[in-house]
Asker: 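Here it is: the structure, laid out below.
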Amino acid sequence: MVVTRIFGARIKRREDPRLITGQATYTDDVVLPGMCYAVFVRSVQAHARIRAVRTDAAQAHPGVIAIFTGRDLQEKMGLIPTAWLIPDSDLKTPPHPPLAVDRVRYVGDAVAVVLATTRAAASDAAALVEVDYEPLPAVADPEKAVQPDAPRLHDDVPDNVAFHWKVVNGDVDRAFAEADVVVRQRMVNHRLVPCAMETRGCVAHYNKGSGELTLWMTSQNPHIHRVILSGILHLPEHRIRVIAPEVGGGFGSKIPCYPEEAVVSFCAVELGVPVKWVEDRRENFVATIHGRDHVVYLEVAARKDGTITAIRGKCYANLGAYLSTAAPGIPTILHGLMMCGAYRIPNVHYEVLGVLTNTTPVDAYRGAGRPEATYYVERLVDLVAAELGMDPVEIRRKNFIPKDAFPYTTPTGLTYDSGDYERTLDEALRIVDYAGFRREQEEARRQGRYLGIGFSTYVEICGLGPSQVAGAVGFQGGLWESAVVRFHPTGKVTVLTGSSPHGQGEETTFAQIVADQLGVPIEDIEVLHGDTDLIPMGWGTYGSRTTPVGGAAIAVACQRILAKARQIAAHLLEAAEDDLEFENGRFYVKGSPDKAKTIQDIALAAHLAWSLPSGVEPGLEAQAFYDPPNFTYPFGAHVCIVEVDPETGEVKVLRYVAVDDCGRVINPLIVDGQVHGGITQGIGQALYEWAVYSEDGQLLTASFNEYAVPKAHQVPRYETARTETPSPHHPLGCKGVGETGTIAATAAVANAVMDALRPLGIRHLDMPFTPERVWRAIRQAQGPGGIP
Amino acid sequence: MRVAVHVNGRPYERDIEPRMLLVHFLRDELGLTGTHIGCDTSNCGACTVLLDGKAVKSCTLLAVQADGADILTVEGLSQDGRLHPVQEGFWEEHGLQCGFCTPGMMMLAVELLQREPDPSEEAIRHYLEGNLCRCTGYQHIVHAIRYAAQKLRETRESS
Ligand code: FES
Ligand code: FES
């Protein structure tokens with residue numbers, strides 16, 4: 001019998017039927033009897049002392065049930081914690097009250113919460129809450145915030161520097177002293193807004209009788225939310241049930257523990273009625289975390305032949321007004337340690353100042369630190385190539401970590417598991433027809449058209465991660481993952497995963513793993529997630545960890561099931577365990593495949609327990625807590641071709657080729673989807689998206705009118721391909737793919753735009769490459785004469 | 001104010017506040033939560049429904065403006081338990097990830113294919129201008145709509 005292997009098959013998603021028929025339940029779809037609605041009163045000031053909060057008029061508004069201010073909650077709730085306490089960095093974590101008490105520190109800082117019988121009544125009443133502010137000077141720019149005369153956000157952080165972290169290895173000074181060429185560049189990696197299409201929200205219900213709080217919320221990691229909320233609310237962890245129903249995208253923005261969900265939970269407990277809060281989009285722009293936002297000064301040392309010998313840099317990472325849950329770890333562990341990219345650069349010195357400013361807190365946004373690192377390294381490599389008159393492909397080949405050097409330990413202390421960087425680059429060059437393109441570019445230049453090609457040969461750290469390392473770098477949790485694989489008497493299977501997918505398709509890919517391992521038809525497998533009462537402790541979905549860690553846990557649980565099933569099968573077939581074969585869901589004695597017991601037969605026998613081998617317990621279920629021995633390091637080569645219109649400054653992406661290696665692929669359709677979406681966000685940063693603050697801390701881009709999330713016609717058709725270099729330490733050889741597109745794409749686009757502008761003598765521009773910015777740069781490059 | 005509409009072929013009548021938006025009427029009054037809200041500036045298209053056959057952003061209309069209309073939402077797309085070709089296309093071609101933009105995307109696609117049975121990739125991308133998706137990068141949405149177009153043409157030819 002020929003069986004098509006389900007692992008690796010392009011099968012359509014099992015989560016889709018409910019989503020395409022309107023039958024899915026997102027948080028805002030949860031309706032409880034007697035539910036009331038919460039609306040937050042938010043600061044319109046970037047920095048101010050609160051003189052008074054007057055709620056009388058609001059209180060008198062019809063339908064209003066209660067109003068709480070920061071002062072009301074001060075004694076009753078704990079502070080919003082930071083959960084990534086990076087060591088050796090003089091880290092300060094200024095107190096973050098759930099509602100501002102006497103000072104607001106950014107536009108959007110929550111000051112009070114109004115509860116009313118309808119959403120409309122609550123927002124009408126919220127508008128009647130009067131906050132008397134005494135404005136204070138504000139600072140939004142991280143370089144300005146560290147100046148001695150800058151306004152101070154927190155009394156206990158006198159210089160606005162929340163931490164000063166560095167990674168140093170090798171003899172950097174000597175490498176620079178001996179360098180043939182040194183390239184220096186200041187770069188800005190501007191601020192982005194994650195913009196999941198579903199905003200944040202929650203519904204809290206407290207049962208006075210049982211003392212259980214149930215919280216439906218837009219979460220990427222319900223167990224983490226439960227444990228943190230337990231601390232803030234002073235409720236025992238086992239009396240809190242956090243449910244992440246359908247979640248409409250996260251991209252990192254639904255990892256953190258924010259004030260609102262905690263305050264809404266508090267209100268539900270205090271008032272004894274269910275409370276719903278759903279962020280509106282304007283609120284989402286100011287109250288949900290932002291991403292990126294660095295200013296960095298970089299230097300790189302190289303020899304004449306293009307060998308890069310050292311990299312040195314100082315990064316001002318803007319963290320916003322408070323340290324969000326994972327904020328300190330993003331520009332350091334997930335960023336600074338990746339500063340050598342895919343290259344054998346022996347010497348590194350990189351410092352990061354985590355700076356507090358009067359802006360929305362910054363935390364993990366898709367890629368979280370790694371897109372920034374890739375952008376810097378890939379830009380620097382191109383700058384060195386330009387300086388030396390080298391081809392960007394050649395300089396990459398020259399510096400790549402060779403494929404026989406893996407496992408490779410970087411000077412920053414990471415161990416890349418496996419890789420074959422040249423192979424992905426070769427494949428990408430073949431697809432784009434590099435030589436052909438260079439000829440076309442020449443020809444086009446003669447006609448006054450500006451075409452450019454850009455490369456991003458990235459490597460990323462994902463599959464977060466070994467818990468021991470998590471502890472060593474100050475992450476206040478483990479990073480293993482849980483799985484339960486449970487046979488029912490009829491041979492159907494329920495899988496519980498501590499991962500919490502919200503669009504990534506693991507209800508399908510995890511079922512593929514189980515079907516493959518146990519030989520059960522995929523229709524007979526259901527994957528459940530996102531409910532702390534149902535699912536054993538787990539750490540959730542972020543950092544491209546779901547498949548590498550959660551998927552591995554499932555594979556291990558399947559192996560445990562099979563070990564027990566084999567014992568039972570041997571007993572039923574009256575054979576020795578070692579004499580059994582297991583194939584396509586059937587155990588049989590070697591040589592006589594006709595006499596077999598199916599895994600379903602065994603599941604039934606295990607449940608009936610009429611005749612089990614001695615010492616074997618009834619039931620057929622296994623649990624695993626998988627703690628990975630290392631991170632995984634996917635890599636690849638992305639190539640972008642653009643045309644810049646010198647008249648308008650407009651950049652058009654003509655082609656985009658992505659050759660990724662994420663180890664073994666479970667479902668190519670889903671992997672393509674992840675890559676497409678990731679690239680689009682990466683292109684978004686390079687060309688369109690930009691969260692802009694005024695000098696005094698007003699967010700000027702607080703709606704989709706000003707903040708340009710890419711539209712369908714603004715991005716090209718992607719050409720994807722893959723190589724497969726399995727992770728040697730992963731039970732299935734997988735590496736993860738959720739962030740690769742975003743990590744790679746921004747640099748590829750930027751390098752392409754710079755390549756296009758090279759004949760004009762433009763060496764570097766900061767993103768986003770808006771028509772205006774590009775047009776101005778062209779004008780400036782051409783001097784007073786203007787456009788040729 | 002009194003509003004009477006047909007939604008997915010069923011008549012509904014409700015007394016509502018005049019300021020109620022159509023999207024809230026569908027979601028809160030009728031419990032049809034398949035239609036989503038992704039913004040408050042009519043940019044995202046998550047709320048797209050068909051009103052008398054035309055795609056509209058239901059967050060830009062008052063419910064009272066829809067009085068007397070025939071509305072189709074995502075819940076009414078499949079018929080007799082059979083998926084609409086557009087739904088089939090989104091499923092087959094992985095046209096969705098988190099699914100939040102999907103109902104709006106599909107309703108817009110239904111309108112597009114009524115007007116234009118064989119739209120090019122370029123035409124599809126431009127048609128989707130008012131609908132944002134943060135997950136898919138749009139390529140599989142384009143494939144999904146092309147799939148549905150083909151399927152609809154085949155059904156038309158065979159009947
Ligand atoms: S909800 Fe965004 S356009 Fe209607
Ligand atoms: S599928 Fe998530 S926004 Fe489109």
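Predicted model only: the values in this text are computed from it and were never measured. Chain identifiers are assigned alphabetically (A, B, ...) following the order of the sequence lines, protein sequences preceding nucleic acid strands; residue numbering begins at 1 within each chain.
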Asker: Could you look at Y26(A) and say if it's the side chain, the backbone, both or neither that has a heavy atom under 4.5 Å from chain B?
Answerer: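 Just its side chain gets close to chain B.
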
Asker: For the interface with chain B, which of G684(A), G741(A), G678(A), P710(A) has the highest count of heavy-atom pairs at distances below 4.5 Å?
Answerer: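 Highest number of heavy-atom pairs under 4.5 Å: P710(A).
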
Asker: Given heavy-atom pairs under 4.5 angstrom as the criterion, report whether the side chain, backbone, both or neither of L77(B) touches chain A.
Answerer: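 It is neither, since no heavy atom gets under 4.5 Å.
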
Asker: Quick one: of H140(B), M105(B), E75(B), who has the most non-hydrogen atom pairs under 4.5 Å with chain A?
Answerer: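 Among H140(B), M105(B), E75(B), the one with the most close pairs to chain A is H140(B).
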
Asker: Side chain, backbone, both or neither: which part of H36(B) has a heavy atom under 4.5 Å from chain A?
Answerer: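 The answer is the side chain of H36(B).
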
Asker: Between F100(B) and chain A, which part of the residue has a heavy atom less than 4.5 Å away: side chain, backbone, both or neither?
Answerer: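 Interface part for F100(B): both.
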
Asker: Does any heavy atom of chain B fall under 4.5 Å from the side chain of Q23(A), the backbone, both, or neither of them?
Answerer: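 It is the side chain, since no backbone atom gets that close.
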
Asker: Return the option, out of L128(B), T41(B), N131(B), T35(B), with the maximum number of heavy-atom pairs under 4.5 Å with chain A.
Answerer: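 Option with the top pair count is T41(B).
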
Asker: Side chain from CB out, backbone as N, CA, C, O: work out which of these in T21(A) comes under 4.5 Å of a heavy atom of chain B, or both, or neither.
Answerer: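 Backbone plus side chain of T21(A), per the 4.5 Å heavy-atom cut-off to chain B.
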
Asker: What distance separates D28(B) CG from R14(B) CZ, expressed to the nearest 0.5 Å?
Answerer: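 Those atoms lie 11.5 Å apart.
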
Asker: Is the number of heavy atoms from other residues, nucleotides or ligands under 6.0 Å of R2(B) CZ greater than 12?
Answerer: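 Enclosed: over 12 neighbouring heavy atoms sit under 6.0 Å from CZ of R2(B).
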
Asker: Can you tell me if R125(B) uses its side chain to pair, donor with acceptor, with the backbone of V142(B) under 3.5 Å?
Answerer: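 No, because the side chain of R125(B) does not come within donor-acceptor range (under 3.5 Å) of the backbone of V142(B).
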
Asker: Would you say the side-chain atoms of E689(A) and Y707(A) include a donor-acceptor pair closer than 3.5 Å?
Answerer: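 There is such a pair between these side chains.
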
Asker: In terms of heavy-atom pairs under 4.5 Å, which option from G673(A), G249(A), P17(A), S703(A) contacts chain B the most?
Answerer: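 Looking at each option in turn, the highest pair count goes to G673(A).
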
Asker: Check the surroundings of atom CZ in R10(B): do more than 12 heavy atoms from other residues, nucleotides or ligands lie under 6.0 Å from it?
Answerer: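 Not more than 12 within 6.0 Å, no.
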
Asker: Kindly indicate, with the supporting measurements, whether the criterion salt bridge (Lys or Arg N to Asp or Glu O under 4.0 Å) is fulfilled by D28(A) and K276(A).
Answerer: CA-CA 8 Å; D28(A) 195 16; K276(A) 178 188 269 192; 3.1 Å; yes

Asker: Working to the nearest 0.5 Å, report the span between CZ of F90(B) and CG of L19(A).
Answerer: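 Taking CZ in F90(B) and CG in L19(A), the distance rounds to 12.0 Å.
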
Asker: With chain B as the partner, which of R10(A), E279(A), R13(A), Q681(A) has the greatest number of non-hydrogen pairs under 4.5 Å?
Answerer: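 Of R10(A), E279(A), R13(A), Q681(A), R13(A) has the most heavy-atom pairs under 4.5 Å with chain B.
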
Asker: So which part of E121(B) gets closer than 4.5 Å to some heavy atom of chain A, the side chain, the backbone, both or neither?
Answerer: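 Just the side chain, heavy atoms under 4.5 Å.
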
Asker: With no hydrogens and no angle check, do the side chains of T541(A) and Q220(A) hold a donor and an acceptor under 3.5 Å apart?
Answerer: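 No pair is found: no donor N or O on one side chain lies under 3.5 Å from an acceptor on the other.
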
Asker: Pick from D280(A), L669(A), V715(A): which one has the most heavy-atom pairs with chain B under 4.5 Å?
Answerer: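 Result: the option with the highest number of such pairs is L669(A).
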
Asker: When you measure from the side chain of S500(A) to the backbone N and O of N221(A), does any donor-acceptor pair fall under 3.5 Å?
Answerer: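 Side chain of S500(A) to backbone of N221(A): no pair is present.
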
Asker: Would H24(B) and R19(B) count as having a side-chain donor-acceptor pair, cut-off 3.5 Å?
Answerer: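 No, because no side-chain N or O of H24(B) sits under 3.5 Å from a partner of the opposite role on R19(B).
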
Asker: Of the backbone (N, CA, C, O) and the side chain (C-beta and beyond), which part of V709(A) lies under 4.5 Å from a heavy atom of chain B, both, or neither?
Answerer: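 Contact with chain B: backbone and side chain both.
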
Asker: Pick whichever of P501(A), A120(A), A24(A) has the most heavy-atom pairs under 4.5 Å with chain B.
Answerer: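 Top option by heavy-atom pairs under 4.5 Å: A120(A).
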
Asker: So which part of N284(A) gets closer than 4.5 Å to some heavy atom of chain B, the side chain, the backbone, both or neither?
Answerer: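 No part of N284(A) comes within 4.5 Å of chain B.
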
Asker: Taking every non-hydrogen pair under 4.5 Å, which of V675(A), I670(A), I679(A) racks up the most with chain B?
Answerer: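 Most heavy-atom pairs within the cutoff with chain B belong to I670(A).
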
Asker: Does any backbone or side-chain atom of L32(B) lie under 4.5 Å from a heavy atom of chain A? Answer side chain, backbone, both or neither.
Answerer: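 Interface part for L32(B): neither.
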
Asker: For E706(A), does the CD atom have more than 12 heavy-atom neighbours from other residues, nucleotides or ligands under 6.0 Å away?
Answerer: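 Count over threshold, so yes.
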
Asker: Could you have a look at G137(B), G99(B), G31(B) and say which one has the most heavy-atom pairs with chain A under 4.5 angstrom?
Answerer: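 When all of G137(B), G99(B), G31(B) are compared, G137(B) has the most.
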
Asker: Could you tell me if the ring centre of Y12(B) sits under 6.0 Å from that of H6(B)?
Answerer: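 No; H6(B) has its ring centre 6.0 Å or more from that of Y12(B).
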
Asker: Counting only heavy atoms closer than 4.5 Å, note whether T102(B) contacts chain A via side chain, backbone, both or neither.
Answerer: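 Contact with chain A is through the side chain of T102(B) alone.
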
Asker: Do E92(B) and K12(A) meet the salt-bridge criterion of a basic N to acidic O distance under 4.0 Å?
Answerer: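 Answer for the salt bridge query: yes.
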
Asker: If you tally heavy-atom pairs under 4.5 Å against chain A, which of Q87(B), E93(B), H94(B), M106(B) wins?
Answerer: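 So the answer, after comparing Q87(B), E93(B), H94(B), M106(B), is H94(B).
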
